[in-house]
Protein chains: 2
Amino acid sequence: MGITKTEIFTDEQNKLALQLKAIAHPARIAILQLIIEAKACICGDLSSELGLAQPTVSQHLKELKNAGLIQGTIEGVSVCYCIEPQAWKNLNNELNKLFSSYKGINSCC
Amino acid sequence: MGITKTEIFTDEQNKLALQLKAIAHPARIAILQLIIEAKACICGDLSSELGLAQPTVSQHLKELKNAGLIQGTIEGVSVCYCIEPQAWKNLNNELNKLFSSYKGINSCC
DNA sequence: TTAATTAATCGTAATATTGCAATATAATTA
DNA sequence: TAATTATATTGCAATATTACGATTAATTAA
């Protein structure tokens, strides 16, 4: 079919998948890093910094925003994008749970 | 176009994006959790546990394996899938780096 | 008000993903 | 060897993603 069967998974699994999908692109990883390092937080700056067209960056920003990972505040003509602290912390926690649940010693293979 | 411009990003960014993409699906998150909890590590068991067709699960397992996150060992007629410890640890480290690089206090907004 | 600047949206082409039925492959067992 | 059991592959339809040119908003400055 081509459409993910979200109904057979838990809300936690679906939410984690959505947020990870938002990060799972090199451009969006780069954008997050630039935002965190405060090297750029404005669409145009990110665009020239990355070498991607402005509409492309705008779309990536939209996806990160839809996932709740960043927030944008209007600064005159431009928009400053920053990490959304709560969502960032929550995702970090969810990932820590997933990764720490693996104890290293395998039960089967 | 529709094809990611991998050449303009670093190897680290591309690799992290690829591994995150492998995890960024509720079925694959569920598969990893079942494997980690050792509730199921065989394609057929995962298939009935998840309620997804066997070829679908097989394909998800293939993607997790391609990303290096799991390994399969032949157990008679079936294949037992487990976490690949080194890759799991590396991904955990990369994510920790990304998440901890955000110090909470924003420089701009 | 008009011009300038910046971000968002629309439309489109190329490609990738998701899911499964049908089938093929591989290993064990009778 | 033939039957059984389990996984992998193929092929396909539906949908999603990626990237960008062209255009449209929105805000500030002249």
Side-chain angles (χ1 to χ4, degrees), chain A residues 1-9 13-14 17-31 35 40-67 70-82 108-109, chain B residues 1-9 13-14 17-31 35 40-67 70-82 108-109:
Chain A
M1 288 188 192
I3 189 161
T4 302
K5 286 186 157 182
T6 52
E7 72 275 9
I8 67 172
F9 304 107
Q13 289 167 336
N14 284 320
L18 277 177
Q19 293 200 320
L20 284 177
K21 197 156 73 170
I23 305 190
H25 190 287
R28 294 196 285 271
I29 291 173
I31 287 172
I35 286 178
C41 63
I42 288 166
C43 184
D45 295 346
L46 291 163
S47 173
S48 51
E49 193 79 36
L50 291 170
L52 285 170
Q54 178 267 319
T56 305
V57 174
S58 181
Q59 196 173 272
H60 283 308
L61 288 168
K62 189 181 178 184
E63 282 181 57
L64 288 170
K65 202 180 164 197
N66 282 343
I70 61 172
Q71 63 195 159
T73 56
I74 297 167
E75 299 253 326
V77 192
S78 49
V79 178
C80 177
Y81 284 98
C82 294
C108 42
C109 43
Chain B
M1 291 189 190
I3 188 160
T4 303
K5 285 185 155 182
T6 53
E7 71 276 8
I8 68 173
F9 305 107
Q13 289 168 335
N14 285 319
L18 277 177
Q19 293 199 321
L20 285 177
K21 196 156 74 171
I23 304 189
H25 190 288
R28 293 195 286 271
I29 290 174
I31 287 171
I35 287 177
C41 63
I42 287 165
C43 184
D45 295 345
L46 291 164
S47 172
S48 50
E49 194 79 35
L50 292 170
L52 286 171
Q54 178 266 320
T56 304
V57 174
S58 182
Q59 196 173 273
H60 283 308
L61 288 168
K62 189 182 178 183
E63 284 181 58
L64 289 170
K65 202 179 165 197
N66 283 344
I70 61 171
Q71 63 194 158
T73 57
I74 297 167
E75 299 252 328
V77 192
S78 48
V79 178
C80 176
Y81 284 97
C82 293
C108 42
C109 43

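Naming convention: chains lettered A, B, ... in sequence-line order (proteins, then strands); numbering from 1 in each chain. Side-chain atoms are counted along with the backbone in the values below, which use heavy atoms only and exclude waters and symmetry mates.
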Going by atom type alone, with no hydrogens or angles, which donor-acceptor pairs under 3.5 Å involve a side-chain atom of residues 54-63 of chain B and a protein atom two or more places apart or on another chain?
unit_1: His60(B); atom_1: ND1; unit_2: Arg28(B); atom_2: NH1; d: 2.9
unit_1: Glu63(B); atom_1: OE1; unit_2: Arg28(B); atom_2: NH1; d: 3.3

Provide the closest heavy-atom pair for [X] versus [Y] in the form atom of the first, atom of the second, distance.
| X | Y | value |
| --- | --- | --- |
| Ala53(B) | Ser47(B) | C-OG, 3.7 Å |
| Leu46(B) | Cys41(B) | CD1-C, 4.3 Å |
| Ala27(A) | Leu50(A) | O-CD1, 4.4 Å |
| Ala40(A) | Asp45(A) | CB-CB, 3.9 Å |
| Ala22(A) | Leu64(A) | O-CD2, 3.7 Å |

Check your understanding: If the sugar-phosphate is the primed atoms plus P, OP1 and OP2 and the base is the rest, what is the B/S/- string for nucleotides 25-30 of chain D, using protein heavy atoms under 4.0 Å?
Key -> --BS--
Check your understanding: With nearest nucleotides of DNA chain C determined for Gly51(B) and Cys43(A) from heavy-atom distances, which residue corresponds to the more 5′ nucleotide?
Key -> Cys43(A)
Point to revise | Residue met sooner reading DNA chain C from 5', once Lys5(A) and Asp45(A) are mapped to nucleotides | key: Asp45(A)
Could you list the protein-to-nucleotides 1-3 of chain D atom pairs, N/O on both sides, closer than 3.5 Å?
none

**Study point:** Strand contacts (DNA chain D) in residues 54-65 of chain B, 4.0 angstrom heavy-atom criterion
**Key:** Gln54(B), Pro55(B), Ser58(B), Lys62(B)
To the nearest 0.5 Å, what is the distance between [atom1] on [X] and [atom2] on [Y]?
| X | Y | atom1 | atom2 | answer |
| --- | --- | --- | --- | --- |
| Cys82(B) | Ile70(B) | SG | CD1 | 9.0 Å |
| Ile31(B) | His25(B) | CD1 | NE2 | 9.0 Å |
| Phe9(A) | Thr4(A) | CZ | OG1 | 8.0 Å |
| Gln71(B) | Ile35(B) | CD | CD1 | 10.0 Å |
| Tyr81(A) | Lys65(A) | OH | NZ | 5.0 Å |

Exercise for review: Could you pick out which residue, Ala53(A) or Ile42(B), lies toward the 5' side of DNA chain D when each is mapped onto its nearest nucleotide?
Suggested key: Ile42(B)
Roughly, in whole Å, what's the span from [atom1] in [X] to [atom2] in [N]?
| X | N | atom1 | atom2 | answer |
| --- | --- | --- | --- | --- |
| Gln71(A) | dA7(C) | CD | P | 17 Å |
| Tyr81(A) | dT6(C) | OH | P | 15 Å |
| Leu50(A) | dT18(D) | CG | C1' | 15 Å |

Practice item. Taking Asn14(A) for its side chain and Thr6(A) for its backbone only, find out whether a donor-acceptor pair lies under 3.5 Å. Key: yes
Review point. Between the side chain of Gln13(A) and the main-chain N/O of Pro26(B), is any donor-acceptor distance below 3.5 Å?
Key: no
Review point. Got a sec? Which of residues 17-30 of chain A come in under 4.0 Å of DNA chain C, heavy atoms?
Key: none
Review point. Within a radius of less than 6.0 Å around CD1 of Ile8(B), do more than 12 heavy atoms belonging to other residues, nucleotides or ligands occur?
Key: yes
Study note, to complete from the structure: With five pairs defining each end axis, the helix from dT1(C)-dA30(D) to dA30(C)-dT1(D) comes out bent, to 10°, by 20°
